[in-house]
Novice: 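Structure provided below as structure tokens; questions to follow.
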Amino acid sequence: MSKTKTVIVGANHAGIAAANTLLDTYPDQEVVMIDRNTNLSYLGCGTALWVGRQIESYENLFYTNKEAFEAKGAKIYMETTVERIDFNEKIVYCKKHNGEAVTESYDKLILATGSAPINPEIPGRDLKNVEFLKLFQDGQTVDAAMAREEVKTVAVIGAGYIGVEIAEAAKRRGKNVLLFDAAQRCLPNYYDKWFTDDMDKVLADNGIELHYGELAKEYKGNEKVESIVTDQGEYAVDLVINAIGFRPNNGLGKDHLELFANGAYLVDLHQQTSDPSVYAVGDCATIFSNAVQQTTYIALATNAVRSGIVAAHNIGGTSLESIGVQGSNGISIFGYHMVSTGLTVQESEKIGLNIKYTEFEDLQKPGFMKDNNKVKIRIVYEADSRRIVGAQMASYEDISMGIHMFSLAIEEKVTIDKLKLLDIFFLPHFNQPYNYITMAALSAE
């Protein structure tokens, strides 16, 4: 039986999921994995936990290794850079870290090259102590910088998920922390102002200095950064962490494959690109949003894993379509939890969706119960079809599991009216008889 040879470029979450699926399910597959890093499977979402010493070490942030794939029969190149791909001849040209040139032919190719941090073209960006957070090595560099006594003030550029999390981590390490963003609030892509006002208060109450509506213009210093200049002032700092965002890493295929507006590889529901022999998965590829009902770009590790699985099954011979995603996500800062899925009100209005929303605020449990905190919920729905397109929840209570129901609701096009009399159980240990999900749905226009 002749084997199908699949080459996977990139061995993090998406590439790993694809490799495991092929190796575990399809014995007729020959799998080659290529990655330029020294390690694989790093859970970057845990970097801030480790840097902030909420966990003691980074070892358990790796969930597999090279040897595990070799044991399954894969050929794996680490510290190997793919320099170019000949898509017509189906050959991948690589260079190992020792300079040795390597080529691998393929029947099928999976691009799992992920995303790269946005590095704004501003003066001083090459100074020492101006860092990014993406790879494990970036986490090591930032962690080592935090350990130095002379690093007293940390500037974080970008108040998205990574920026807010690393700002908390730096504060937990005893640093003065300045958080900058060109927007007027934190986390604007995932939550409406009703929610982010609370998170901004949590940040400020815990000693993080907020500089919103400020644009970084320059980093100053001799060899290493000594100050940051914005459009509103200059601030002395010892360490800058850039967390502005990421762009798809499309260097290998951008001249051959069809691209999305932001440069991601455009894929269908099978994760197939415009070249039938080439699949793209994870942060370098597009994804279908069930909330918007169209192709979009949402860079999340959970999406990466699912897309890798879908691509592998299609290569293996099982026709499988992605069921689309909602972009479900969550964050927990100084004990305050926020979760969301689908579209916010602001995002819906930006893309021209005619929506309404309903919201409610109440205690998690009946008032007579101890250890009881308020919960906020907002549900966004289309005005005409009344289908749910988004939900946000926030509390010091762990309300995270609730968002999974809304994720399924969006996928299944459930209407806001369907939620009104949903069978939600009651027990004082957990919730209220008039549950805030029910109350929000009942008060919908």
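Quantities reported herein were computed from a predicted structural model and do not represent experimental measurements. Along the sequence shown, residues are numbered consecutively beginning with 1.
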Novice: Please evaluate residues Q326 and N290 with respect to the criterion side chain to side chain donor-acceptor pair (under 3.5 Å), reporting the C-alpha separation (whole Å), side-chain torsions for both, the decisive distance (0.1 Å), and the verdict.
Specialist: CA-CA 6 Å; Q326 289 64 254; N290 291 317; 2.7 Å; yes
Novice: Regarding Y26 and H313, is there a side-chain donor-to-acceptor distance under 3.5 Å anywhere?
Specialist: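 Short answer, yes.
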Novice: Between the side chains of E349 and T344, does any donor sit under 3.5 Å from an acceptor?
Specialist: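 E349 vs T344: no donor-acceptor pair found between side chains.
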Novice: Looking at every heavy atom in both S115 and Y297, which two are closest together, and how far apart are they?
Specialist: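 Closest heavy-atom pair between S115 and Y297: CB-OH, 4.0 Å.
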Novice: Tell me every residue that passes side-chain hydrogen bond (donor to acceptor under 3.5 Å, both in side chains) with Q432, counting only those two or more places apart in sequence or in another chain.
Specialist: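 Per chain and number, Q432 pairs via side-chain hydrogen bond (donor to acceptor under 3.5 Å, both in side chains) with D362.
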Novice: Ignoring hydrogens and angles, state whether a donor on the side chain of H256 or D275 is under 3.5 Å from an acceptor on the partner side chain.
Specialist: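 Short answer, yes.
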Novice: Ring pair (Phe, Tyr, Trp, His ring centres under 6.0 Å) for F360 and Y436? Distances and angles first, verdict last.
Specialist: CA-CA 6 Å; F360 202 75; Y436 45 80; 8.0 Å; no
Novice: Looking at the rings of Y265 and F260, which for Trp means the six-membered one, are their centres under 6.0 Å apart?
Specialist: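 Aromatic pair excluded; centres sit 6.0 Å or further apart.
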Novice: Can a side-chain donor-acceptor contact be found between S328 and S407 if the only test is distance below 3.5 angstrom?
Specialist: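 Side chains of S407 and S328: pair found under 3.5 Å.
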Novice: Does the side chain of Y219 pick up a donor-acceptor pair with the side chain of N242 at under 3.5 Å?
Specialist: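 The answer is yes; a qualifying pair exists.
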Novice: Does the ring center of F136 lie less than 6.0 Å from the ring center of F62?
Specialist: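 Yes; F62 has its ring centre under 6.0 Å from that of F136.
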Novice: Using a strict 4.0 Å threshold on nitrogen-to-oxygen distance, state whether E234 and K220 make a salt bridge.
Specialist: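 Yes, this pair counts.
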Novice: Does a donor on one side chain and an acceptor on the other come within less than 3.5 Å for S57 and E59?
Specialist: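 The answer is yes; a qualifying pair exists.
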Novice: Is a donor on one side and an acceptor on the other found under 3.5 Å between the side chain of N250 and the backbone of K254?
Specialist: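 Absent.
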Novice: Looking just at side-chain N and O atoms, do K365 and N373 make a donor-acceptor pair shorter than 3.5 Å?
Specialist: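 There is no such pair between these side chains.
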Novice: Verify the distance criterion only: is there a donor paired with an acceptor across the side chains of N314 and Q271 at less than 3.5 Å?
Specialist: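 Q271 and N314 do not have a side-chain donor-acceptor pair below 3.5 Å.
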Novice: Show the numbers, then the answer: is there a side-chain contact (heavy atoms from CB on, under 4.5 Å) between I333 and M199?
Specialist: CA-CA 8 Å; I333 300 294; M199 182 58 85; 3.8 Å; yes
Novice: For K96 and T81, does a side-chain donor sit closer than 3.5 Å to a side-chain acceptor?
Specialist: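 Distance-only check fails for K96 and T81.
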Novice: Please find the pair of heavy atoms, one from I355 and one from S348, that lie closest to each other, and give the distance.
Specialist: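 Smallest heavy-atom distance, with atoms named: CG1-CB, 3.6 Å.
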Novice: Is the closest side-chain donor-acceptor distance between K75 and Y77 under 3.5 Å?
Specialist: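 Their side chains do contain a donor-acceptor pair, which is all the 3.5 Å distance test asks for.
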Novice: Do T113 and N249 pair up side chain to side chain, a donor and an acceptor below 3.5 Å, judged on atom types alone?
Specialist: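 No, no side-chain donor-acceptor pair sits under 3.5 Å.
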Novice: Does the pair E347/K350 count as a salt bridge with the N-to-O cut at 4.0 Å?
Specialist: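 K350 and E347: salt-bridged.
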Novice: Between K66 and D35, does any NZ, NE, NH1 or NH2 come within less than 4.0 Å of an OD or OE carboxylate oxygen?
Specialist: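 No, no charged N to carboxylate O under 4.0 Å.
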Novice: Check R185 with D197, please: is the shortest side-chain N to carboxylate O separation under 4.0 Å?
Specialist: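 Salt bridge flag = no for R185 with D197.
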Novice: With distance as the sole criterion, is a donor-acceptor pair present between the side chains of N37 and Y42 under 3.5 Å?
Specialist: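 There is no such pair (donor and acceptor under 3.5 Å, judged by atom type) between the side chains of N37 and Y42.
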Novice: Where do E104 and K5 land on the salt bridge (Lys or Arg N to Asp or Glu O under 4.0 Å) test, with the steps shown first?
Specialist: CA-CA 10 Å; E104 286 285 352; K5 183 177 176 183; 2.6 Å; yes
Novice: For the residue pair G207 and K171, what are the closest heavy atoms and their distance?
Specialist: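 It is O-NZ, 3.3 Å.
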Novice: For a quick check under 3.5 Å, do N12 and S41 share a side-chain donor-acceptor pair by atom type?
Specialist: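 Judged by distance alone, the side chains do not pair up.
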Novice: Looking only at the side chains, is there a donor atom on one of Q294 and S289 sitting less than 3.5 Å from an acceptor on the other?
Specialist: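 No.
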Novice: Counting the benzene-type ring for Trp, do Y235 and F180 have ring centres under 6.0 Å apart?
Specialist: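 Yes - the distance between ring centres of Y235 and F180 falls below the 6.0 Å cut-off.
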Novice: Minimum heavy-atom separation for G163 and V156, please, with both atom names.
Specialist: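 Where G163 meets V156 most closely, the heavy atoms are O-CG1, 3.5 Å.
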Novice: Taking all heavy atoms of I403 and all of S340, pick out the closest pair and write down the distance.
Specialist: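 Shortest heavy-atom separation between I403 and S340 comes out as CG1-C, 3.7 Å.
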Novice: Taking it one step at a time, do L133 and I241 satisfy side-chain contact (heavy atoms from CB on, under 4.5 Å)?
Specialist: CA-CA 7 Å; L133 269 185; I241 302 171; 4.2 Å; yes
Novice: Check this for me: does any side-chain nitrogen of one of R148 and D238 sit under 4.0 Å from a carboxylate oxygen of the other?
Specialist: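 Answer for the salt bridge query: no.
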